[in-house]
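Working notes, beginning with the structure itself.
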Amino acid sequence: MRSTVRKSADVASAKADLLVVAVPAPAKRLSGPAADVDAALGGLVAGAVKDGEIDGKPGSATRFHAGPALAATRVVIVGTGGGSAADWRSAGSAAAGVAGRVTTRSVALVPPAEATAAEVSAFIDGFTTASYSFDRFKGPDPARKAAAGRLTVHSPTVAGADLRRADRLAEAVGGARDLVNTPSNHLTPTMLGEYAKALADATPGLSCTVLGKGRLEKMGAGALLGVAQGSMEPPRMIVLRYRPAEVARPGEVLGIVGKAVTFDTGGISIKPSSGMEEMKMDMGGGAAALEATALIAALGLPVEVLTVIPSTENMPSGTALKPGDVVTAMNGKTIEVINTDAEGRLILADALTHAAREGATRIIDMATLTGAIVVALGEVYAGLFGSDEEWVSLIRDAGEESGDLVWPMPLHERYAPLITSPVADLSNSSNKRQAGAVYAAQFLREFTEGVPWAHVDIAGTGMVGGKGTGFGVRLVLAVAERLAQADAAAAD
Ligand code: BES
Ligand code: MN
Ligand code: ZN
């Protein structure tokens with residue numbers, strides 16, 4: 001969807017299938033565009049406010065037929081609550097819900113005169129996210145409503161350039177969702193590498209190198225190769241670089257790492273068959289890393305970025321890793337593979353080492369890593385772990401602002417006994433059923449080469465209701481925008 005801006009905020013002349021007007025909570029006396037719509041509808045809106053049917057709560061939506069005084073066909077009054085970004089996002093989702101019920105090709109938003117570009121952007125974010133559907137493998141269905149193609153914002157204060165970010169963000173989140181939702185036979189590690197190359201080719205300033213099995217062998221990436229050896233599909237390590245002409249913080253490189261297991265059967269430690277199809281989504285971290293990197297480049301942020309995405313299938317076979325096998329990671333540490341289903345931390349180990357050695361000066365990794373984080377935090381917050389307080393708190397703030405919520409979880413030396421092995425430097429799993437998500441994070445830290453690092457476990461937030469959310473794209477964009485401000489945290 002593309003958003004455009006019209007300077008005229010005249011409600012009556014806004015021509016669209018659906019006209020969206022916002023009302024804050026508590027809804028009392030109508031003002032601005034809402035009052036204009038009320039006048040055009042002969043007091044129907046004020047009546048609904050009086051009845052309590054319209055209360056301005058975020059997520060609420062009340063639809064009217066427009067009548068002859070308005071150029072639009074239908075009107076929806078959406079609540080924007082207290083006016084936070086999250087409230088405006090909910091308003092966008094609610095509007096999309098109404099738009100999806102009837103064929104709606106064009107939508108016009110007339111925000112109150114005082115609405116900011118950030119608020120309107122949040123509305124667009126909510127609207128496009130809620131309008132998303134994954135139809136690639138569905139036949140034609142006349143009952144399916146086409147998603148709205150056009151959004152026109154009628155505002156004298158918001159500029160077209162302000163909405164470019166919102167449109168690009170929506171595109172990137174949609175791209176990540178498509179990748180996550182795509183079945184594993186249509187998205188192998190090889191295909192993901194090709195997709196990354198094509199995305200980089202289409203994005204000025206972004207370059208992409210895809211490392212294959214031969215290169216990985218030379219690098220000694222034995223942890224990634226170990227997971228991959230059970231599959232007919234060869235592994236890939238996708239490396240993206242964005243080098244802007246100007247940087248806000250010379251010498252600093254943002255490292256973004258994302259787990260991309262295109263299918264996780266568990267390997268020889270095989271998962272139960274019920275629900276296993278969801279494991280096509282075990283590449284949500286990689287999808288977010290990829291789309292966020294392209295987004296940062298497309299928006300031209302003055303932040304140097306190095307992104308590393310390890311990708312493989314995790315399959316059981318005659319060549320697969322077996323419990324008790326020992327692999328040697330790229331940094332020379334040996335790992336006893338107690339459970340072949342703890343494969344994410346293995347492939348991330350080599351990716352983190354690679355990111356650090358290739359010059360990342362701070363790293364954020366995102367991974368659908370543990371069922372334990374789903375138990376701890378559900379689908380609302382992702383788990384946030386890290387070795388550097390400043391870095392962790394910057395990411396947490398970026399999460400609050402962007403709507404991709406992250407909650408801090410602990411690391412501690414006293415968890416270290418969990419990752420020890422009697423035969424190798426480390427073990428990838430412990431049979432103590434304790435602190436599963438912490439365990440994984442504590443393990444990853446061993447591969448960060450002392451670079452300030454944070455780990456975001458998105459097993460609960462990356463897929464909801466069997467569908468990819470695109471979680472992590474907004475988060476990383478907000479992180480990069482913070483780093484684009486030269487005077488912020490890292491300077492001290
Ligand atoms: N990809 C899974 C984690 C996962 C679980 C993601 C549920 C999304 C939803 C990961 O590779 C895994 O299998 N983790 C194991 C680790 C265990 C064997 C130590 C888990 O969490 O059960
Ligand atoms: Mn697994
Ligand atoms: Zn996995």
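All ligand and atom numbering here is 1-based and tracks the order in the structure. One-based numbering along the sequence shown.
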Would you mind reporting whether [Y] and [X] have side-chain heavy atoms less than 4.5 Å apart?
{"X": "Thr190", "Y": "Pro234", "result": "yes"}
{"X": "Asn331", "Y": "Glu446", "result": "no"}
{"X": "Pro408", "Y": "Tyr381", "result": "no"}

Assess Arg362 against Trp453: is NZ or CZ under 6.0 Å from the centre of the six-membered ring, and within 45 degrees of the ring's axis? no
Report yes or no: does Asp282 have an N/O/S atom closer than 2.8 Å to the Zn ion (ligand 3)? yes
Using a cut-off of strictly less than 2.8 Å, determine whether Lys259 has an N/O/S atom near the Zn ion (ligand 3). yes
At a threshold of 2.8 Å, where the distance has to be below it, does the Mn ion (ligand 2) have an N, O or S atom of Glu343 nearby? yes
Could you pull out the atom name of the N/O/S atom in Asp264 that is nearest the Zn ion (ligand 3)? OD2
Out of the N/O/S atoms in Glu343, what is the name of the one closest to the Zn ion (ligand 3)? OE2
Exercise: do Asp178 and Tyr195 side chains pair donor with acceptor under 3.5 Å: no
Scan side-chain atoms only and decide if Ser269 and Thr340 contain a donor-acceptor pair under the 3.5 Å cut-off. yes
Answer key: the N, O or S atom of Asp264 nearest to the Mn ion (ligand 2) is OD2
Would you say [atom1] of [X] has more than 12 non-hydrogen atoms from neighbouring residues, nucleotides or ligands within 6.0 angstrom?
{"X": "Arg150", "atom1": "CZ", "value": "no"}
{"X": "Arg433", "atom1": "CZ", "value": "no"}
{"X": "Lys57", "atom1": "NZ", "value": "no"}

Which atom pairs, nitrogen or oxygen on both sides, join ligand 1 and the protein at under 3.5 angstrom?
unit_1	atom_1	unit_2	atom_2	d
ligand 1	1 (N)	Lys259	NZ	3.4
ligand 1	1 (N)	Asp264	OD2	3.2
ligand 1	1 (N)	Asp282	OD1	2.9
ligand 1	1 (N)	Asp282	OD2	2.9
ligand 1	1 (N)	Thr368	O	3.3
ligand 1	11 (O)	Lys259	NZ	3.2
ligand 1	11 (O)	Asp264	OD2	2.9
ligand 1	11 (O)	Asp341	O	3.2
ligand 1	11 (O)	Glu343	OE1	2.8
ligand 1	11 (O)	Glu343	OE2	3.0
ligand 1	13 (O)	Lys271	NZ	2.8
ligand 1	13 (O)	Asp341	O	3.0
ligand 1	13 (O)	Asp341	OD1	2.8
ligand 1	13 (O)	Asp341	OD2	3.2
ligand 1	14 (N)	Leu369	O	3.4
ligand 1	21 (O)	Gly371	N	2.7

